[in-house]
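Below you'll find the structure, written out as structure tokens, and then a few comments.
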Amino acid sequence: MQITVTGAAGYIGSHACLRLLDDGHEVHGLDNFSRSFPRTVAALQRAGGERFHFTQVELNDQDATVAALRLHVPEIVLHFAAFAVVPESVQFPLLYWRNNVGATVSLLHAMDAADVQKLIFSSTCATYGEPAPTHIPMSEDCPQQPTHAYGESKLACERMINAWVQSHALANRDRGAVFLRYFNVAGGDHLDRIGEDHDPETHLIPICMRAATGRHPELVVYGSDYPTPDGTCIRDYVHVEDLVAAHVEAIKVIPLRQTLAMNVGTGVGASVLEVLRACSLAAGSKVPFRMGARRDGDPPRLISNPEKIFRLTPWRPTRSSLERMTQSAWRWFAK
Ligand code: UDP
């Protein structure tokens, strides 16, 4: 199958490209390198050979996006390209509206211009905002009330894509989309060809790895007075290869003339301190840390109810133990 992947050089997009290439698909990656690196594209080229094509393009530039999509017209688009740092979105909301929503407007225009019908959109549990305790674990009908620009921008994209699908359906044309609402993602490729590679790094597990080796002074735990057993935030971590596997299954169930939302999480949460301990074990040395203040926009507990994706697809998170994810992150980091 010919597949276009936006954000192909980014953390999750690059792992998706690798899996699709390993499965024998022809992949056209798009990226503007605003938060990612050409070295990741080089790794994908090594893995995919002639089946991997890459175009550097600014998705906010509609004409350029149309031209890029027409280079290798795909059967389906996987749209990962986005900014995804919550505190940054609190500080610079317009950046998030322009980059995440603007790019998606362009992409949908380009899909129409190239007559591409199917889309998988990287959404997030942040569209649910701060769920009431009665809504945890969170299913897809948890009210979507985001509390920051990142979550707002992703919810706006979901609504826009839904309107796009509906408008085509009214005109008797087929379009369809799946929204995968990610929880926290960790780990890297099982062959360590690529891994989690952000600059600047803001995510918990990579910061722990850096701190364990002295490349980051110490982990600051953002808040120890949350209403959780150890006082630190609880998140539902999914191995990036499990997350990518969910996309592979989602491709098989994209509805036409409708959209389908599915949470991608394990149903099990881990606190910041639990993750920190797992990172120390994986790295073989203690992660230095201190307790700090809460970070803006962080809900105390985000845990998925994965029943829907379990019911609609054979997907199961088989690689998402904390031990396996932190070992995977450590191997990549050490390399
Ligand atoms: N976290 C932390 N210190 C850090 C980075 C993250 O305590 O330096 C916490 C953060 O408050 C959250 C969890 O770790 O509860 C996961 O944060 P991350 O930024 O990795 O992902 P997010 O949940 O924001 O998508």
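Just so you know, ligand 1 is whichever comes first in the structure, and atom 1 is the first atom listed for that ligand.
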Please walk me through it: do R324 and D242 pass salt bridge (Lys or Arg N to Asp or Glu O under 4.0 Å)?
CA-CA 12 Å; R324 190 153 170 185; D242 276 338; over 6 Å; no
If the plane angle is over 60° it's perpendicular, under 30° parallel, otherwise tilted; pick one for F183 and Y128.
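Answer is tilted, since the angle falls between 30° and 60°.
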Interatomic spacing from CZ in R210 to CG in L219 - rounded to 0.5 Å:
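Between atom CZ of R210 and atom CG of L219 there are 12.5 Å.
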Quick check for you: to the nearest 0.5 Å, what is the distance between H239 atom NE2 and R319 atom CZ?
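One gets 7.5 Å once the value is rounded to the nearest 0.5 Å.
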Indicate the atoms forming the closest heavy-atom contact of H148 with V90, along with that distance.
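For H148 and V90, the tightest heavy-atom pair comes out as CB-CG2, 3.9 Å.
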Selection residues 278-288 - residue pairs positive for side chain to side chain donor-acceptor pair (under 3.5 Å), sequence neighbours left out
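Those involving residues 278-288 do not exist here.
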Collect the protein residues that have a non-hydrogen atom under 4.0 Å from ligand 1 and hand them over in chain and number order.
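Shell around ligand 1 (4.0 Å, heavy atoms): N184, T202, H203, L204, I207, L219, V220, V221, Y222, C233, R235, Y237, V272, R295, D298.
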